[in-house]
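These numbers come from the heavy atoms of this one structure, side chains and all, not from hydrogens, waters or symmetry mates.
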Protein chains: 2
Amino acid sequence: MPLPLLGELELAVLRYVWANGTVDAKAIHRDLGAPREITINTVQSTVERLHRKRLLIRERVSHAYQYAPALSREEFRARAVADVAGELRGAEGARVIAAFVELAARADGENIDRIASMIELARSRREGR
Amino acid sequence: MPLPLLGELELAVLRYVWANGTVDAKAIHRDLGAPREITINTVQSTVERLHRKRLLIRERVSHAYQYAPALSREEFRARAVADVAGELRGAEGARVIAAFVELAARADGENIDRIASMIELARSRREGR
DNA sequence: GACAAACACCGGCCGTCAATCGGTTTTTTG
DNA sequence: CAAAAAACCGATTGACGGCCGGTGTTTGTC
């Protein structure tokens, strides 16, 4: 099951939960909803959807839900990247990687050196096996 | 400008164009449209949309358009990865790239060597500036 | 135990966008 | 010039996220 597509508010809520840990709808509404002038009901719908999408877990505490992330920010990103990256093995994967390296280098020249040292690290880790 | 979201038919058309190079709407309809029992008009709308999204380039040959990919399959994938991975510059970018390299290495151990030689290439290209 | 507050839950409306097609205009060609 | 081919235009439909009002249910309080 690939990660579902997320709307703007859904993403904002996810980021908020990552930044703040376990929260309830009221807190989300206070910090995200009020500035956008949306009702708490809208926030409820959104966390409900995120829960259905298995991106938030929740637990009833007395009569209200407490929401927490189901995946860490890093796990989420890794899965998103893996979904979109597709096959990374073999010759086909090599071309994808080449294009990515090219992009990274163009985005920031220092990335070349960064990647180079990561490769060094990975190589030495491999030695140690 | 991040890559736009694509529908199912749009993706199929993109893949078709990657596989077949320069094509016209008629050929796409013959190979993709007819099996789906959709009219050629639907195919036209779709390539038109892909052109507006700058994923297909086109050229008028007599009165008909010839369509060709604006990005290679690999460039497309790399951009998709970059979009979802987030910022590629600065310190944040370093983490993102590290995660990708890690992913690539885990997918296929030989990727380490592949990336290493790409870095060599990129470095020598930089020298030449 | 009644009551008000807090909250979940349900259903509906709106906007956006892909998919789809019919109809019209423009271009090509026999 | 007439028929065919294709682009072009406009409309409809279906998903889905964002948004909210109304209704029920739980809870804490007097």
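In this structure, B:Tyr65 reaches the D:dC8 phosphate: one of its side-chain N or O atoms is under 4.0 Å from OP1 or OP2. Residue A:Thr39 places no side-chain N or O under 4.0 Å from the OP1 or OP2 atom of D:dC19.
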Problem set entry | From CA spacing to verdict: side-chain hydrogen bond (donor to acceptor under 3.5 Å, both in side chains), A:Asp31, A:Tyr16 | CA-CA 9 Å; A:Asp31 292 338; A:Tyr16 180 84; 2.5 Å; yes
For this session: Please report the C-alpha distance between B:Arg58 and B:Glu48 in whole Å, then the side-chain angles of each, then the deciding distance to 0.1 Å, and finally whether the salt bridge (Lys or Arg N to Asp or Glu O under 4.0 Å) criterion is met.
Result: CA-CA 10 Å; B:Arg58 69 185 184 184; B:Glu48 168 69 27; 3.0 Å; yes
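The CG-P distance, from B:Leu11 to C:dC17, rounds to 17 Å in whole Å. Between the NE2 atom of B:His63 and the C1' atom of C:dT29 there is a distance of 9 Å, given to the nearest Å. In this structure, A:Leu32 places its CG atom 12 Å from P of D:dG18, rounding to the nearest Å. In this structure, B:Ile38 atom CD1 and C:dG22 atom P are separated by 12 Å, rounded to whole Å. Straight-line distance from the CD1 atom of B:Ile28 to the P atom of C:dT20: 14 Å, rounded to whole Å. Per the geometry, CD belonging to B:Glu8 stands 15 Å off C1' belonging to C:dC17, to the nearest Å. What separates CG of B:Leu6 from P of C:dA18 is a distance of 8 Å, to the nearest Å. Taking atom NE2 of B:His29 as the reference point, atom P of D:dA5 lies 14 Å away to the nearest angstrom.
Taking a cutoff of 4.0 Å between a charged side-chain nitrogen and a carboxylate oxygen, B:Arg125 and B:Glu120 do not qualify as a salt bridge.
If you check every strand for non-hydrogen atoms under 4.0 Å, A:Thr42 touches a base. Within 4.0 Å (heavy atoms only), A:Arg36 reaches no atom of the nucleic acid at all. Across all strands, B:Arg60 comes closer than 4.0 Å only to sugar-phosphate atoms, never to a base (heavy-atom distances). Residue-level contact check: A:Leu5 touches the backbone only, with heavy atoms under 4.0 Å from sugar-phosphate atoms and none from bases.
Under the ring-ring contact (aromatic ring centres under 6.0 Å, His included) criterion, no residue pair touches residues 34-56 of chain B, with sequence neighbours excluded.
Of the possible polar contacts, one joining the B:Glu10 side chain to the B:Gly7 backbone as a donor-acceptor pair under 3.5 Å is found. Checking side-chain atoms of B:His29 against main-chain N and O of B:Thr42 turns up no donor-acceptor pair under 3.5 Å. A distance-only check finds a donor-acceptor pair linking the side chain of A:Trp18 to the backbone of A:Leu71 [under 3.5 Å]. When atom types are taken as modelled, the side chain of B:Lys53 and the backbone of B:Leu3 share no donor-acceptor pair closer than 3.5 angstrom. Counting only distance, with no hydrogens or angles, the side chain of B:Arg77 and the backbone of A:Val96 share no donor-acceptor pair below 3.5 Å. The backbone N or O of A:Ala104 sits less than 3.5 Å from a side-chain atom of A:Asn111, completing a donor-acceptor pair.
Looking at residues 13-26 of chain B, you'll see that no heavy atom sits under 4.0 Å from any atom of DNA chain C. Of all the residues in residues 44-54 of chain B, B:Ser45, B:Arg49, B:Lys53 reach under 4.0 Å from DNA chain C with at least one non-hydrogen atom.
Side-chain atoms of A:Asn41 stay outside donor-acceptor range of the base of D:dG18, with no qualifying N/O pair under 3.5 Å.
The residue among A:Glu37 and A:Ser62 whose nearest nucleotide of DNA chain D lies closer to the 5′ end is A:Glu37.
Distances were taken from every side-chain heavy atom of B:Arg58 (C-beta onward) to each of D:dT27, D:dG18, D:dC8; the shortest belongs to D:dC8.
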